[in-house]
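Since this is a predicted model, take the numbers as computed values, not measurements.
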Amino acid sequence: MVIYDLHCENSHEFEGWFKNADELKSQQSSGMLTCPVCNTSEISKKVTASKIGRKSNVPSANATAPQAVASGAPAGSGERSYEQLQSMLGQVHKYIDGNFTDVGNKFADEALKIHRGEKDAANIRGTASKSELKELVQEGVSALPIPPKPVDKGKLN
């Protein structure tokens, strides 16, 4: 049994259990493997630390530290912590959940119908593939991808 961390073209992450590596390839090529969230069949393996080999657990003296990014701004100068950003993202999702109708993976079709006047104007939310989003942009439809909901730390093991 082989377990892979997978993700779809819409950045949904999930786990897949397969008899062997060939079974994953077979299911990908036949279209049997789909995202459980948006149903797309554009699935890839995630690179995970457990699959990266190391010669030693002790870094050499001339090894460089992992790269990091910092603004150099002092604390309290308007910079946001990760927790603050996650909280703000949670508030955005709460607003969207309460004020937009979920159309699931029919988002692109519904957005085009509204744009073309085939349906009444409405706030909608759902999932769309990268190619569907490109189509929407070409048609002049206003659509905005948003990051997934933050993980509720109270529900973690």
Side-chain angles (χ1 to χ4, degrees), residues 1-53 66-71 73 78-157:
M1 182 70 56
V2 180
I3 302 170
Y4 291 115
D5 290 327
L6 305 171
H7 64 96
C8 76
E9 65 183 342
N10 296 315
S11 301
H12 299 122
E13 297 178 2
F14 55 98
E15 217 174 62
W17 295 42
F18 303 92
K19 189 176 2 179
N20 54 41
D22 292 334
E23 184 67 24
L24 167 66
K25 291 175 187 172
S26 170
Q27 287 188 26
Q28 281 177 308
S29 62
S30 70
M32 284 179 49
L33 183 60
T34 60
C35 174
V37 177
C38 65
N39 210 30
T40 183
S41 60
E42 294 296 320
I43 307 296
S44 306
K45 287 193 300 186
K46 277 183 59 179
V47 176
T48 58
S50 63
K51 296 183 179 46
I52 299 172
Q67 292 185 15
V69 177
S71 69
E79 292 297 314
R80 303 272 190 243
S81 72
Y82 176 78
E83 289 78 19
Q84 289 172 319
L85 293 173
Q86 290 294 349
S87 174
M88 291 172 16
L89 181 58
Q91 291 173 14
V92 168
H93 274 282
K94 184 176 180 180
Y95 178 83
I96 291 171
D97 290 348
N99 295 285
F100 288 68
T101 303
D102 187 0
V103 295
N105 61 3
K106 304 281 188 230
F107 178 80
D109 293 334
E110 293 295 313
L112 282 173
K113 287 177 185 175
I114 292 169
H115 179 72
R116 294 175 180 156
E118 298 169 15
K119 284 191 138 185
D120 291 337
N123 293 329
I124 61 171
R125 63 185 169 96
T127 56
S129 67
K130 287 180 183 178
S131 62
E132 288 173 326
L133 286 174
K134 285 179 186 177
E135 246 181 78
L136 291 174
V137 168
Q138 290 172 347
E139 288 277 337
V141 176
S142 295
L144 177 68
I146 58 170
K149 290 181 182 179
V151 174
D152 182 355
K153 290 184 180 181
K155 294 182 180 178
L156 294 176
N157 293 344

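- Note that CD of Gln86 is 12.0 Å distant from CD of Gln91, once rounded to the nearest 0.5 Å.
- No donor-acceptor distance shorter than 3.5 angstrom exists from the side chain of His12 to the backbone of Asn39, with no hydrogens or angles considered.
- Taking NZ of Lys45 as the start and NZ of Lys25 as the end, the distance is 7.0 Å to the nearest 0.5 Å.
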Residues Ile43, His7; criterion side chain to side chain contact (heavy atoms under 4.5 Å, CB included); working and verdict | CA-CA 6 Å; Ile43 307 296; His7 64 96; over 6 Å; no
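- Note that the CD atom of Glu132 and the CG atom of Asp109 stand 7.0 Å from one another [nearest 0.5 Å].
- Using a distance-only test at 3.5 Å, with no hydrogens or angles considered, no donor-acceptor pair links the side chain of Ser26 to the main chain of Asp22.
- Within the 3.5 Å criterion, the main-chain N or O of Asp5 finds no donor-acceptor partner in the side chain of Glu13.
- Between the side chain of His115 and the main chain of Glu139, a donor-acceptor pair closer than 3.5 Å is present.
- When the shell of 6.0 Å around CG of Asn99 is examined, it contains more than 12 heavy atoms from other residues, nucleotides or ligands.
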Start with the C-alpha distance between Asn10 and Val37, add both sets of side-chain angles, then the distance that settles side chain to side chain contact (heavy atoms under 4.5 Å, CB included), and finish with yes or no.
-> CA-CA 9 Å; Asn10 296 315; Val37 177; over 6 Å; no
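- Here OG1 of Thr127 is found 9.5 Å from CG of Leu133. Values are rounded to the nearest 0.5 Å.
- To the nearest 0.5 Å, atoms CD1 (Ile114) and CG (Asp120) are separated by 8.5 Å.
- Here the closest heavy-atom approach between residue Cys35 and residue Cys38 is recorded as SG-N, 3.5 Å.
- Looking at every heavy atom in both residues, Pro145 comes nearest to Ala143 through CD-O, 4.0 Å.
- Of all heavy-atom pairs spanning Pro148 and Leu89, the tightest one is O-CD2, 3.4 Å.
- Here CE of Met32 is found 11.5 Å from CG of Leu24. Values are rounded to the nearest 0.5 Å.
- Residues His93 and Pro147 approach most closely at NE2-O, 2.7 Å, considering heavy atoms.
- The one candidate from Arg125, Arg116, Lys119 that meets the salt bridge (Lys or Arg N to Asp or Glu O under 4.0 Å) condition with Glu110 is Lys119.
- The two atoms that bring Leu136 and Phe107 nearest to each other are CD1-CE2, 3.8 Å, heavy atoms only.
- Taking the six-membered ring where tryptophan is involved, the planes of Phe18 and Tyr4 are tilted, since the angle between them lies from 30° to 60°.
- For the pair Ser41 and Thr34, the tightest heavy-atom approach, listed with the atom from each and the gap, is CB-CG2, 4.2 Å.
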